[in-house]
Amino acid sequence: MRILFCGKSGYPSSNNAAINRYSSIAKVMSYENDIIFINRIPLLENNCVYNKTEFKVIAASYHKYRPKNFLKRNFIKLFSPMFEFGTIWSLNKEKKIDWVNVYTDYFGLCLFYFILSKIFRFKTILHFVEIRSEFKNQNLFLKINHFLYDNFSMFLFDRYLPISRFLDEHLKNKNSNIKALIIPPICDFDYFKKINIPNEFNETYFLYCGSTAYSEVIVFIIDSFEKVRQEKSVNLYLVLNGIVPDELKVLLEQKRERIKVFSNLDYNKLIGLYKSALALLIPLRDTEQDKARFPQKICEYIASEKIIISTNYGEVKHYFEDMNNALIADEYNEEIYAKKMEWVVHNISNLNELEGAAYKTGKKYFDIISYKESINDLLKG
């Protein structure tokens, strides 16, 4: 079958959790199928080094890299639907398109691919990963867009891939007739096995990787770390993507002796940092947004053969148990979370058993190979 991946531009960049999830699912679908990624808008930077692409990639606008010219960039954005329509028309003429995967934040694009599916007679899959109307500080356009997306996108596609049970229930509460397959965060565990631990990082540290859009969570981690009683020197590494808010900049400057900040890391170097960390941090809040989402970083953390320190909310409680295959705080509370970090510091020699149990869980639920049959059934059903 010929299967397209559309909506989310930027492949093969590995600095984006959404792209990493998208490409992982593409690997699962690639068995005996023809996979093509379409980048609607050129987002790749010309001066960056990207991993070798596993799949064919087509730049719908004929520009592989992001133009420096402001007018050209906005011209491409304005006419991107026309460029993509022409690309899909050509691909379908060359060989019949069977499925189109869609990963997007915009309801307008959902309608666009729905219309294309009727014109070219292919089936569609929507990757559903968030309750977007729960986002804070939205302008009027985004409020309307997210309302439409969260309430009506479940009537436009043939199949759905929710990332969590919460989202699966949300979809089916809106439309009981949909066909969905829950796929949690997944990645290629074999790829992670091949990455070596870097020699330059000989410190003992906790690590958190995430977007600066979650600045509240980053502050929570810093404050929790400050409460950890230590018998030896332990640092905190933060790998942050996005623009750092001024308030967070000030806090990081104040704590710079024990907190190191990284950004725009090569993916293999990032994996190396995961592998040499003491433990990997991923606290989730008791909010509708965090109950719905399931961070892609969790599968990458586990594939790195490390334990996670999280909280007992959302999807985490369905896969992890405190002191069995992870460290789970009962509440999103700095004192309680710090106690879990403190336990790690005082029990470094006892972490191997927990790490082994976590990895076993990961191989069962978060490795791409685990979903080969279920994805195949979804495509054929």
Between [X] and [Y], does any side-chain N to carboxylate O distance fall below 4.0 Å?
X: Arg2; Y: Asp98; result: no
X: Glu315; Y: Arg293; result: no
X: Lys172; Y: Asp168; result: yes
X: Glu305; Y: Lys193; result: yes
X: Lys255; Y: Glu226; result: yes
X: Arg132; Y: Asp105; result: yes
X: Lys380; Y: Asp377; result: no
X: Asp34; Y: Lys56; result: no

For the ring pair [X] and [Y], is the centre-to-centre distance below 6.0 Å?
X: Tyr22; Y: Tyr11; result: no
X: Tyr332; Y: Phe220; result: yes
X: Tyr359; Y: Phe366; result: no

Inset, instruction - Supply the members, apart from Ile41, of the Ile/Leu/Val/Met/Phe/Trp/Tyr cluster built from side-chain contacts under 4.5 Å; use none for a lone residue. - result: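 Noted: Ile41 shares its cluster with Leu43.
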
Legend entry - Donor on one side chain, acceptor on other, Lys174 and Asn151, under 3.5 Å: yes

Legend entry - Distance-only side-chain donor-acceptor flag, Tyr149 / Thr104, under 3.5 Å: no

Inset, instruction - Check the angle between the aromatic planes of Phe262 and Tyr237 and answer parallel, tilted or perpendicular using the 30° and 60° thresholds. - result: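 Phe262 vs Tyr237 ring planes: tilted.
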
Least distance between heavy atoms, [X] atom then [Y] atom:
X: Ala18; Y: Lys8; value: CB-CE, 4.0 Å
X: Tyr365; Y: Pro184; value: O-CG, 3.5 Å
X: Asn175; Y: Met154; value: ND2-O, 3.0 Å

Inset, instruction - With sequence neighbours excluded, tell me which residues meet side-chain hydrogen bond (donor to acceptor under 3.5 Å, both in side chains) with Asn312. - result: none

Legend entry - Test item: Lys96 and Met1 side chains (from C-beta on) under 4.5 Å apart, heavy atoms: no

Legend entry - Tyr106: partners by ring pair (Phe, Tyr, Trp, His ring centres under 6.0 Å), with sequence neighbours left out: none

Legend entry - side chain to side chain donor-acceptor pair (under 3.5 Å) contacts in which one or both residues fall within residues 65-81, not counting sequence neighbours: Arg40-Ser80

Legend entry - Sole candidate of Phe166, Phe320, Tyr319 that passes ring-ring contact (aromatic ring centres under 6.0 Å, His included) when paired with Phe294: Tyr319

Legend entry - Qualifying residue, where the test is ring-ring contact (aromatic ring centres under 6.0 Å, His included) with Phe85 and the options are Phe120, Phe79, Tyr113: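 Exactly one pass, corresponding to Phe120.
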
Legend entry - Results of salt bridge (charged side-chain N to carboxylate O under 4.0 Å, His left out) for Glu373 - residues two or more places apart only: none

Legend entry - salt bridge (charged side-chain N to carboxylate O under 4.0 Å, His left out) partners of Asp150, counting only residues at least two apart: none

